[in-house]
Novice: 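Please read through the structure below; I'll follow up with questions.
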Amino acid sequence: MYVTPSWLIVAVLITLVYGGVVQDRLALGPAAYLLAFVFAVLLYVSVLVHELAHSVVARMYGLPVRRIVLYVLGGVSEIEREAPTPGREFWIAFAGPLFSLLLAACGFGLYLFADPFSVVGELLFQLWIANLLVGVFNLLPGLPLDGGRLLRAGVWKMTGKPLLGSVAAAWGGRVLALVVVALPFVLAWSAGGGPSPWTVVWGLVLGGFMWTGATSALRAARVREQIPRLRARDLARKAVTVPADTPLAEAERRAREAGGVEIVVTDPDGTATSIVHPAAAGAIAGERRAWVPVSSVARAVSEHSLVPVELEGEELLNALTSRPLPEYLVVAEDGGVRGVLRATDVNAAVSGRD
């Protein structure tokens with residue numbers, strides 16, 4: 001679990017604002033602000049329990065969870081893989097709000113038997129209110145909220161298209177963001193007054209968070225759609241192999257004749273040792289290209305640079321992201337060179353660019 005420093009900002013704000021409310025109710029003096037700080041802690045504990053519910057269900061389905069992060073406006077469970085079916089997506093998403101609402105119901109039940117004007121009564125009131133807020137807010141139908149994931153699962157189930165579900169849920173999140181920003185103005189004008197700066201600021205912050213999260217989710221969904229189409233053999237640029245002492249001009253001539261765009265440098269045994277770096281080669285003046293060897297403008301090939309030609313989809317992407325490099329050598333089972341894979345080409349393919 002990781003708690004970002006931004007949590008302290010909200011904790012201080014809640015303590016200052018809610019402390020006055022507690023003082024009016026219980027007349028505790030300075031201790032009212034201590035109780036308000038306890039409410040801030042309870043709110044984030046509620047968020048933590050909410051995220052733990054997501055994580056437990058995700059792990060039950062065999063999906064690894066990297067960590068839980070608590071930040072200024074809530075929390076997130078960093079689940080490393082997407083749910084493979086809409087049903088599992090639904091239950092992972094629903095587990096958080098369901099657990100929050102169950103805690104709210106339990107807290108409310110205990111609150112009914114407590115003195116509402118006592119410290120215990122106030123803490124129980126804070127407990128059920130905090131979990132009710134977390135549970136209800138997260139059921140709103142738009143990403144990045146859990147309700148958006150429920151909407152995504154529903155559309156995915158009906159259409160069989162996860163991307164369509166993500167698009168619907170992301171636009172739901174954008175609509176909700178606009179509603180959140182507009183709500184302080186609408187409520188104030190309907191009451192015949194003007195919105196307070198405090199509600200406007202919170203509306204903008206929360207709405208901005210929701211809009212950004214929905215946009216990021218939409219972008220990520222479009223990226224995921226491209227991943228199954230990734231194939232090392234298709235993305236590899238055609239390459240020619242030349243000995244290390246070959247002049248750059250001669251190597252480029254051979255590449256043009258062979259219809260290749262990449263030059264791979266080999267040792268006397270024919271083993272690939274490096275790949276010519278286009279920027280370094282381009283910096284060599286024309287009159288020098290006839291005698292500068294390709295080995296002087298190439299980057300070495302290591303065991304981490306080798307990519308089997310049969311890799312594709314998520315397996316290929318995992319192999320590349322586990323060892324980020326600007327270029328890779330695509331090789332066959334016998335070690336033969338099948339081409340050069342540039343990271344820029346992979347990024348373009350993932351983002352859907354030509």
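Since the structure is predicted, the reported quantities are computational estimates derived from the model, not experimental observations.
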Novice: Considering only heavy atoms from C-beta outward, does the side chain of Asp345 approach that of Arg237 to under 4.5 Å?
Specialist: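 Yes, side chains in contact.
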Novice: Drop me the distance from Tyr328's OH to Ile275's CD1, to the nearest 0.5 angstrom.
Specialist: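 Tyr328 OH to Ile275 CD1: 10.5 Å, rounded to 0.5 Å.
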Novice: Under a 3.5 Å threshold, yes or no: a donor from one side chain and an acceptor from the other, between Thr215 and Thr212?
Specialist: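 No, no side-chain donor-acceptor contact under 3.5 Å.
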Novice: If two hydrophobic side chains count as joined below 4.5 Å and joins carry through other members, does Trp211 share a cluster with Phe137?
Specialist: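 In one cluster with Trp211: Phe137, no.
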Novice: Please name the pair of heavy atoms, one in Pro243 and one in Val265, separated by the smallest distance, quoted to 0.1 Å.
Specialist: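 That would be C-CG1, 4.2 Å.
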Novice: How far apart are the C-alpha atoms of Val264 and Val242, what are their side-chain angles, what is the distance that settles it, and do they pass the side chain to side chain contact (heavy atoms under 4.5 Å, CB included) test?
Specialist: CA-CA 6 Å; Val264 177; Val242 298; over 6 Å; no
Novice: To the nearest 0.5 Å, what is the distance between CZ on Arg231 and CD on Glu315?
Specialist: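 Arg231 atom CZ to Glu315 atom CD measures 12.5 Å (nearest 0.5 Å).
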Novice: Do other residues, nucleotides or ligands put more than 12 heavy atoms under 6.0 Å from Arg338 CZ?
Specialist: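 No.
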Novice: In terms of hydrophobic clustering (I, L, V, M, F, W, Y; side-chain heavy atoms under 4.5 Å; direct or indirect links), are Ile92 and Ile68 co-clustered?
Specialist: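 Shared cluster, yes.
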Novice: Is there a continuous path of hydrophobic side-chain contacts, each under 4.5 Å between heavy atoms, that joins Val167 to Leu176?
Specialist: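 Result: no, two separate clusters.
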Novice: Is Val56 linked to Val69 within one hydrophobic cluster, defined over Ile, Leu, Val, Met, Phe, Trp and Tyr using a side-chain heavy-atom separation of less than 4.5 Å?
Specialist: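 No, Val56 and Val69 fall in different hydrophobic clusters.
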Novice: Would Leu102 end up clustered with Val136 when hydrophobic side chains under 4.5 Å apart are linked, directly or stepwise?
Specialist: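 Linked, Leu102 and Val136 end up in one cluster.
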Novice: Can any side-chain N or O of Arg289 pair as donor or acceptor with the backbone N or O of Ile284 at less than 3.5 Å?
Specialist: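 Here the side-chain-to-backbone pair exists.
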Novice: Rounded to the nearest 0.5 Å, what's the gap from NE2 on His277 to CD on Glu327? Could you check?
Specialist: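 Rounded to the nearest 0.5 Å, the NE2-CD separation comes to 6.5 Å.
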Novice: Okay, side chain of Asp115, backbone of Phe117: is any donor-acceptor separation there less than 3.5 Å?
Specialist: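 Yes, Asp115 side chain to Phe117 backbone: donor-acceptor pair under 3.5 Å.
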Novice: For atom CD of Glu310, decide whether the heavy atoms of other residues, nucleotides or ligands shown that lie under 6.0 angstrom number more than 12.
Specialist: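 Yes, the 6.0 Å shell around CD holds more than 12 heavy atoms from other groups.
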Novice: Between the side chains of Asn131 and Ser46, does any donor sit under 3.5 Å from an acceptor?
Specialist: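 There is such a pair between these side chains.
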Novice: Heavy-atom count check: over 12 atoms from other residues, nucleotides or ligands less than 6.0 Å from Glu257 CD?
Specialist: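 Count over threshold, so yes.
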Novice: Is any side-chain heavy atom of Leu341 closer than 4.5 Å to one of Leu320?
Specialist: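 In short, these two side chains touch, coming nearer than 4.5 Å.
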Novice: Quick one: which residue pairs count as a ring-ring contact (aromatic ring centres under 6.0 Å, His included) with a foot in residues 144-190, not counting sequence neighbours?
Specialist: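 Passing the test, one end in residues 144-190: Phe185-Trp189.
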Novice: With a 4.5 Å heavy-atom cut-off, do Val307 and Leu329 have their side chains touching?
Specialist: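 Result no, sub-4.5 Å side-chain heavy-atom pair not found.
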Novice: Donor-acceptor check, side chain of Thr321 to backbone of Leu317, threshold 3.5 angstrom: yes or no?
Specialist: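 Pair found, side chain donor or acceptor close to backbone of Leu317.
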Novice: If you take all heavy atoms of Gly207 and Ala177, which pair is closest and at what distance?
Specialist: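 Shortest heavy-atom contact: O-CB, 3.3 Å.
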Novice: In terms of ring plane angle, is the pair Phe108 and Trp128 parallel, tilted or perpendicular, where the classes change at 30° and 60°?
Specialist: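 Plane angle over 60°, so perpendicular.
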Novice: What distance do Ile129 atom CD1 and Leu43 atom CG have between them, rounded to the nearest 0.5 Å?
Specialist: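 Nearest 0.5 Å value for the CD1-CG distance: 11.5 Å.
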Novice: Is the closest basic N to carboxylate O distance between Glu262 and Lys238 below 4.0 Å?
Specialist: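 No, no charged N to carboxylate O under 4.0 Å.
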Novice: Verify the distance criterion only: is there a donor paired with an acceptor across the side chains of Arg152 and Ser166 at less than 3.5 Å?
Specialist: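 A donor-acceptor contact under 3.5 Å links the two side chains.
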Novice: Counting C-beta onward and ignoring hydrogens, is there a side-chain heavy-atom pair between Leu98 and Phe94 closer than 4.5 Å?
Specialist: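 Yes. Closest side-chain heavy atoms under 4.5 Å.
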Novice: Got a sec: does the CZ of Phe90 have more than 12 other heavy atoms crowding it under 6.0 Å?
Specialist: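 Enclosed.
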Novice: Heavy-atom count around Arg222 CZ within 6.0 Å, excluding the residue itself: above 12?
Specialist: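 For Arg222, atom CZ is not crowded (no more than 12 foreign heavy atoms under 6.0 Å).
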Novice: Hey, what do you get for CG (Leu124) to CD (Gln126), rounding to the nearest 0.5 Å?
Specialist: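 Answer rounded to 0.5 Å: 9.5 Å.
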Novice: Can you sort out the partners of Ala31 under side-chain contact (heavy atoms from CB on, under 4.5 Å), two or more places apart, ordered by chain and number?
Specialist: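 Result, side-chain contact (heavy atoms from CB on, under 4.5 Å) vs Ala31: Leu28.
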Novice: Side chains of Thr266 and Thr241: is there a donor and an acceptor less than 3.5 Å apart?
Specialist: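 The criterion, which ignores hydrogens and geometry beyond distance, is not satisfied for Thr241 and Thr266.
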Novice: Mind listing the closest non-hydrogen atom pair of His54 and Pro97 along with its distance?
Specialist: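 Heavy atoms only, the tightest pair is CE1-CD, 4.0 Å.
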Novice: Return the minimal non-hydrogen interatomic distance between Glu51 and Gly75, and the atom names on each side.
Specialist: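 Reported closest heavy-atom pair: OE2-O, 3.2 Å.
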Novice: Taking everything shown except Trp91 itself, do over 12 heavy atoms lie less than 6.0 Å from its CH2?
Specialist: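 Not more than 12 within 6.0 Å, no.
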Novice: Nearest 0.5 Å please: distance from the CZ atom of Arg66 over to the OG atom of Ser77.
Specialist: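 Rounded to the nearest 0.5 Å, the CZ-OG separation comes to 11.5 Å.
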Novice: So does Arg59 have more than 12 non-hydrogen atoms from other groups sitting under 6.0 Å from CZ?
Specialist: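 Check fails, neighbour count at 12 or below.
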